[in-house]
Number of protein chains: 2
Amino acid sequence: METRRDVFQAIADPTRRAIIMLLALGALTPNAIAQHFNSSRQAVSKHLRILTECEILRQEQQGREIHYQLNADKMKDIENWLEQFRQMLSKRFEQLDTVLEQLKSNKK
Amino acid sequence: METRRDVFQAIADPTRRAIIMLLALGALTPNAIAQHFNSSRQAVSKHLRILTECEILRQEQQGREIHYQLNADKMKDIENWLEQFRQMLSKRFEQLDTVLEQLKSNKK
DNA sequence: AATATGCGCAACCATTTGATTGCGCAAGTT
DNA sequence: AACTTGCGCAATCAAATGGTTGCGCATATT
């Protein structure tokens, strides 16, 4: 069984990020997506599979056509990871502010 | 010349994400970082190089020791990319709210 | 029924990646 | 001066990756 990739590995590839951006505008079929890229339709199909497996995209079969759409909820995994740094950053800023306040009051 | 990686490719690897998390707590030297991992010191050193090259980490030489620290500003590259989806999402929610409001007023 | 279209599976290939090991240089210690 | 420590360079290797091509199945059209 192939190793499933996490969401960070999924967006590491520039082509996949471009696919995500495209689908953020609206659902599309594999062929419609492939028209925006210079590589083969099959290459795009592989990327779609990777993005679907890690739940960044959802697919909906309608006859022989598949509609792929963005699952924006999954992007929150990345946001949650980044949130940790935001919190650390704001803590540091608070500490810096405290130090600056003390410096001001000491000068008075 | 080797291809430089972008920030998304840099954080795609679980080991590098763990290094980033570690350094978010405070600056460390390569050997100190390597102690938290089971792989060789040289493997960690390679990851540090990758993270430094794409500016996620900053290094500061002090004698024979190097102190690596997180450059939190660079994480904003990822946040900015995600911000595009947040805006698209909030647009859709606004549209959904409008529809719901109309449904409510039509029932009254 | 025959043909066209959508699209994934599989095999293949070149490149990239992440790890290890050995080595060597610079700085610190004895 | 000799030894120790910090740490990157280079070579090597196995695995992963991203692309292509050929093929085949299901659905849609003629």
Side-chain angles (χ1 to χ4, degrees), chain A residues 1-23 26-71 78, chain B residues 1-23 26-71 78:
Chain A
M1 168 178 287
E2 284 178 4
T3 306
R4 273 185 58 169
R5 303 184 214 196
D6 62 37
V7 67
F8 294 95
Q9 287 164 337
I11 66 169
D13 183 77
T15 302
R16 287 199 288 277
R17 288 205 295 276
I19 291 174
I20 292 171
M21 291 303 303
L22 210 54
L23 292 174
L28 288 172
T29 62
N31 275 357
I33 296 168
Q35 281 169 9
H36 291 80
F37 298 92
N38 286 332
S39 50
S40 69
R41 180 192 52 75
Q42 191 44 38
V44 170
S45 196
K46 279 188 167 188
H47 286 305
L48 289 174
R49 175 177 176 169
I50 293 171
L51 291 170
T52 302
E53 279 173 353
C54 69
E55 301 170 4
I56 288 179
L57 300 184
R58 257 194 296 255
Q59 62 177 27
E60 187 176 305
Q61 191 102 19
Q62 290 174 1
R64 67 183 178 184
E65 284 184 354
I66 308 177
H67 291 258
Y68 283 92
Q69 61 187 10
L70 185 66
N71 175 21
I78 307 170
Chain B
M1 168 179 285
E2 283 177 3
T3 307
R4 272 185 59 167
R5 303 184 214 195
D6 61 36
V7 66
F8 294 95
Q9 287 163 336
I11 66 169
D13 184 77
T15 301
R16 288 200 287 278
R17 288 203 297 276
I19 291 174
I20 293 169
M21 291 302 304
L22 210 52
L23 292 173
L28 287 173
T29 63
N31 275 356
I33 296 169
Q35 282 168 9
H36 292 80
F37 298 90
N38 286 332
S39 51
S40 70
R41 181 188 55 75
Q42 189 46 35
V44 169
S45 193
K46 280 190 167 187
H47 286 304
L48 288 174
R49 175 177 177 168
I50 293 169
L51 291 170
T52 303
E53 279 173 354
C54 67
E55 300 170 4
I56 288 179
L57 299 184
R58 256 192 299 254
Q59 62 177 26
E60 188 178 303
Q61 191 102 18
Q62 292 174 2
R64 68 184 176 183
E65 284 185 352
I66 307 176
H67 291 258
Y68 285 91
Q69 61 188 12
L70 185 66
N71 176 21
I78 308 171

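Throughout, a chain's letter reflects where its sequence line sits, starting with A, and its residues are numbered from 1.
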TODO: Give a yes or no on whether a salt bridge exists between A:D6 and B:R17, defined as a side-chain N under 4.0 angstrom from a carboxylate O.
DONE: yes
TODO: For the side chain of B:N31, starting at C-beta, report the closest nucleotide among C:dG18, C:dG6, D:dC7.
DONE: D:dC7
Open item on the list: Expressed as a whole number of angstroms, how long is the span from A:L48:CG to D:dG18:P?
Closed with: 14 Å
Task: Proximal nucleotide (of D:dG19, C:dA19, C:dG18) relative to the B:R5 side chain - done: C:dG18
Task: Between P of D:dG18 and CD of A:E53, the distance in whole Å - done: 13 Å
- [ ] Classify the side chain of B:E65 and the base of D:dC7 as holding, or not holding, a donor-acceptor pair under 3.5 Å.
- [x] no
Open item on the list: Is it the case that the side chain of B:R41 and the backbone of B:A34 share a donor-acceptor pair, with hydrogens and angles ignored and the cut-off at 3.5 Å?
Closed with: no
Open item on the list: If you assign each of A:V44 and B:I66 to its closest nucleotide in DNA chain D, which residue comes earlier from the 5' end?
Closed with: B:I66
TODO: To the nearest Å, give me how far apart CG (A:L51) and P (D:dT17) are.
DONE: 13 Å
Task: A:Q62 CD - C:dC7 C1' separation (whole Å) - done: 15 Å
Open item on the list: Looking at A:R58, is its backbone amide N or carbonyl O close enough to the side chain of A:N71 to form a donor-acceptor pair, meaning the two atoms are under 3.5 Å apart?
Closed with: no
Task: Selection from C:dG18, C:dG28, C:dC7 that lies nearest to any side-chain heavy atom of A:R41 - done: C:dC7
Open item on the list: Measuring to OP1 and OP2 of D:dG19, would you say a side-chain N or O of A:H47 lies under 4.0 angstrom away?
Closed with: yes
TODO: Quick one: pull up CZ in A:R5 and CZ in A:R16 and give me the separation to the nearest 0.5 Å.
DONE: 5.0 Å
Open item on the list: Just to be sure I understand the rule, does A:F37 reach a base, reach only the sugar-phosphate, or reach nothing, if contact means heavy atoms closer than 4.0 Å?
Closed with: nothing
Open item on the list: Rounding to an integer number of Å, can you tell me how far A:Q9 CD sits from C:dG18 C1'?
Closed with: 12 Å
Open item on the list: Distance check needed: C:dC9 C1' versus A:R49 CZ, whole Å only.
Closed with: 8 Å
TODO: Starting from P on D:dT17, measure out to CZ on A:R4 and report it in whole angstrom.
DONE: 14 Å
Task: Phosphate contact (D:dT5 OP1 or OP2) by B:T29 side-chain N/O below 4.0 Å - done: no
Task: Whole angstrom value for the distance that separates P of D:dG18 from CD1 of A:I19 - done: 11 Å
Task: Below 4.0 Å: OP1/OP2 of C:dC25 and any side-chain N or O of B:R64 - done: no
Task: Any donor-acceptor N/O pair under 3.5 Å between C:dC9 base and A:Q42 side chain - done: yes
Open item on the list: Under 4.0 Å, counting only non-hydrogen atoms across every strand here, what does B:S40 touch: a base, just sugar-phosphate, or nothing?
Closed with: base
Task: Minimal non-hydrogen separation, B:A32 against B:L28, with atom names - done: CB-CD2, 4.1 Å
